[in-house]
Structures are given as C-alpha cells and as structure tokens.
**Q** 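Here you go, one structure.
So that the names make sense, note that chain A is the first sequence line, chain B the second, and so on, each numbered from 1.
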Number of protein chains: 2
Amino acid sequence: MQNRQGCAPGQPAAIFKTLAHPVRIAILDLLRHGEECVCHMEAILDKRQAYISQQLAILRAAQIIADRRDGMNIFYRVVRPEIYVLLDAACAMSTLPTTTPSAVIRRESCPCPKCTPVVAIAD
Amino acid sequence: MQNRQGCAPGQPAAIFKTLAHPVRIAILDLLRHGEECVCHMEAILDKRQAYISQQLAILRAAQIIADRRDGMNIFYRVVRPEIYVLLDAACAMSTLPTTTPSAVIRRESCPCPKCTPVVAIAD
DNA sequence: TGACAATATGCAAGAATTGGAATATAGTAG
DNA sequence: CTACTATATTCCAATTCTTGCATATTGTCA
C-alpha cells in the first residue's frame, strides 16, 4: 500500500532517522552558510574529530552532504537544500505551544472493518 | 549555543526520532482524512492491536495526536497539522533523485580555528 | 453487578544506535 | 622517501529501540 503520491512509508522514516540526532542537526546548521571544513566543525561543536567524522559519514551515506578536498582540508557542503525545509519545520514545531485545533471529523458509526469494508476506506 | 531563531538542536531531533518509524508514519497518514478508531488502524495496517496501541502511545506522548472516546471506540486525531509539512517534505526528498547543485562557497583560506577565531565564524 | 469488547500497559529478548578509543588512510611539505 | 597533518574507519561496551506476548484497564450492555 502506498500513500502520498506514491511514496512508500519506509523512505521518509529513513530520512527522519538520519536527522534524529542533535549533532547531525548541528552539523547541517553549520552548513547553512556554505561549506565548512571538518576541523572547523570540530572546534565549533566541541566534539572529537573521529566522532564528527562518524556523523559526517552517516550524512554522506544518506546523500545529504558531499565533500570536496582543498589542500589539506576537506570541505563538506549540503547537496539537498530541501533538508532545511525539514529542519525549519521541526524547529518551528519545537518552539510553538501545543495548539489543539485540528479538524475533528465526527462520524455516525464506527468506521472499523466490522461496520465498513476496509477497502472502501483504505481507498 | 542556539541556532535557528533560538531553537536548541535537541528539540528537532526529538521530533525526527518520533517520526523515524514506518508504522508511526503510516498512522499519521491514516489520520490525514480526519480521526480514526484504533480497530480501523489495526485492520488497515495489518498489525496487532497491542502494537498499534504502543505506537499511538508514543505519538500521544509527543503530543502529535490526541484521543477521544465515542461509545466503545477511541478515536485518534492529529493535533499538530504542521506534522504533515514534515511528512510531505520527507516524502518529496525520498522520491526526488539526488540533485547535486548546492551553493559551493569557495574560500581563500581554511576557516578552521587556526586561521580564523572560532567566535567570529560561529557568529 | 457480571460478562464482554476495545484499548492500554508491562515485560523481555533481540536488534540497532551511541559515542569513546585506537588505528588506518591519504594528501602534503621538506 | 619520510615525517606530519587532516580525516576516516574499525572495534567495542553501554544504552536505547523494537516488537511479540501476556495481562491490565476502562467503558458498555444486559
């Protein structure tokens, strides 16, 4: 079963999993300005180099960032700017208080399969 | 250190973690139409009731959904519609091919702390 | 009240993730 | 070629996540 214009539910979960880490988010935030070298991230994030490199490897495997060598340093940059739509939306949700509006659709009867054939509702 | 209009990097990570699960995403997709009862989700997602209930509990703890009792059934609804911005964006990223444009900002010298004071770059 | 239906919760074993330490790789300067 | 610098990878123990099973809770109906 597919949904959202043919996007299997497994794929977005993978993206969310990649982003579900404070350090990886911090790295992506650093890269908003443009590319940045590893040693710089190391200094700003105050984490050990090997650790930063691990997180970079995860982001790189997810094809969110790419690297470029310049002399002795390696510079990382974001190759999927759309990622910032996700970051900004998540951040907005974090700060906003829980608004409880939402369209509550009332139904006469229970929509469970005992009342209504599943296929009809699953669409 | 804060970023993105005062949003600590830990908060978005928590939201992403909550969404980093295929079944929870599938549940939220079900709730796009409006509220839905648990037994219905059970039938559509083809998972055991206890399992669905566990995932619902996680989404409820994250204050993304809320419940309402109606007779013998309990209906869940989304109370943070902004969540669909995240889902749609993640889905769009999943389907699109990896475009590798991105603004590559070249610099004369290495921006690492040995070349430039960290405070100046961290802004 | 008692039986039942719908949903929630606690527990546990296995799987995956986290982050530290050591080490490997690759490019550079001399 | 050699030493050095920047970055990457591998290994590992502790923690956390996953998900099935059993059971508890809560409301309904007779």
**Q** Could you tell me if the side chain of F75(A) sits less than 4.5 Å from the side chain of V38(A), heavy atoms only?
**A** no
**Q** Within this structure, what is the CD-CD1 distance for the pair E35(B) and I74(B), rounded to the nearest 0.5 Å?
**A** 12.0 Å
**Q** Closest nucleotide of DNA chain C for A50(A) versus for A20(A): which of these residues is on the 5' side?
**A** A20(A)
**Q** Please report the distance, rounded to the nearest Å, between CD1 in I58(B) and C1' in dT9(C).
**A** 12 Å
**Q** Could you tell me which residues satisfy side-chain contact (heavy atoms from CB on, under 4.5 Å) with V85(A), sequence neighbours excluded, listed by chain and number?
**A** A89(B)
**Q** Rounding to 10°, can you tell me the angle the first-five-pair axis of the helix from dT1(C)-dA30(D) to dG30(C)-dC1(D) makes with its last-five-pair axis?
**A** 20°
**Q** Could you state the atom-to-atom distance from CD of Q55(A) to P of dT17(C) in whole Å?
**A** 12 Å
**Q** Is there a side-chain contact between R32(B) and L30(B), using heavy atoms and a 4.5 Å cut-off?
**A** no
**Q** Which pair of heavy atoms, one from C39(B) and one from N73(B), lies closest together, and at what distance?
**A** SG-OD1, 4.3 Å
**Q** List, with names and distances, any nitrogen or oxygen atoms from the protein found under 3.5 Å away from nitrogen or oxygen atoms belonging to nucleotides 1-3 of chain C.
**A**
none

**Q** Rounded to whole Å, please give me the gap between CE in M41(B) and P in dA6(C).
**A** 15 Å
**Q** Please confirm whether the backbone N or O of M93(B) pairs with a side-chain atom of R80(A), one donor and one acceptor, at under 3.5 Å?
**A** yes
**Q** Find the distance between CD1 (I65(B)) and CD (E36(B)) and round it off to the nearest 0.5 Å.
**A** 12.0 Å
**Q** Taking 4.0 Å as the cut-off, does a side-chain nitrogen or oxygen of Y51(B) come that near to OP1 or OP2 on dG20(D)?
**A** no
**Q** Are side-chain heavy atoms of V79(B) and I64(B) found at a separation under 4.5 Å?
**A** no
**Q** Taking atom P of dA8(C) as reference, at what distance in whole Å does atom NZ of K47(B) sit?
**A** 18 Å
**Q** Looking only at heavy atoms, what is the nearest atom pair of A13(B) and I25(A), with distance?
**A** N-CD1, 3.5 Å
**Q** How about L28(A) and L19(A): do any of their side-chain heavy atoms sit closer than 4.5 Å?
**A** yes
**Q** Can we say R48(A) and E42(A) salt-bridge, meaning some charged N sits less than 4.0 Å from an Asp/Glu carboxylate O?
**A** no
**Q** Going by heavy atoms in the side chains, are R69(B) and D67(B) under 4.5 Å from each other?
**A** no
**Q** What's the closest nucleotide to the side chain of R48(B) if the choices are dT9(C), dA8(D), dG20(D)?
**A** dG20(D)
**Q** Check this for me: does the side-chain of Q49(A) come within 3.5 Å of the base of dA8(D) through a donor and an acceptor?
**A** yes
**Q** Would you mind building the protein contact string for nucleotides 24-30 of chain D? One character per nucleotide, 5' to 3', B for base within reach (heavy atoms under 4.0 Å), S for sugar-phosphate only, - for untouched.
**A** ---SS--
**Q** A side-chain contact here means heavy atoms from C-beta on lying under 4.5 Å apart; do I52(A) and Q49(A) qualify?
**A** no
**Q** Mind calculating the distance between CG (N73(A)) and P (dC4(D)) to the nearest angstrom?
**A** 19 Å
**Q** Could you write out each protein N or O paired with an N or O of nucleotides 12-14 of chain C at a distance under 3.5 Å?
**A**
none

**Q** I'd like a list of close polar pairs between nucleotides 11-17 of chain D and the protein, N/O only, cut-off under 3.5 Å.
**A**
none

**Q** What is the distance, to the nearest angstrom, from the CG atom on L56(A) to the P atom on dT18(C)?
**A** 14 Å
**Q** Using the side-chain hydrogen bond (donor to acceptor under 3.5 Å, both in side chains) criterion, which residues pair with R60(B)? Sequence neighbours excluded.
**A** Y76(B)
**Q** Could you tell me the separation between the CD atom of E36(B) and the P atom of dA6(C), rounded to a whole number of Å?
**A** 16 Å
**Q** Just to verify, what does Q55(B) make a side-chain contact (heavy atoms from CB on, under 4.5 Å) with, not counting sequence neighbours?
**A** H21(B), V23(B), R24(B), I27(B), Y51(B), I58(B)
**Q** Is there side-chain contact between M41(B) and L31(B), with at least one heavy-atom pair below 4.5 Å?
**A** yes
**Q** Rounded to whole Å, please give me the gap between CD1 in I27(A) and P in dG19(C).
**A** 11 Å
**Q** Contact between F16(B) and I15(A) at the side-chain level, heavy atoms closer than 4.5 Å - yes or no?
**A** no
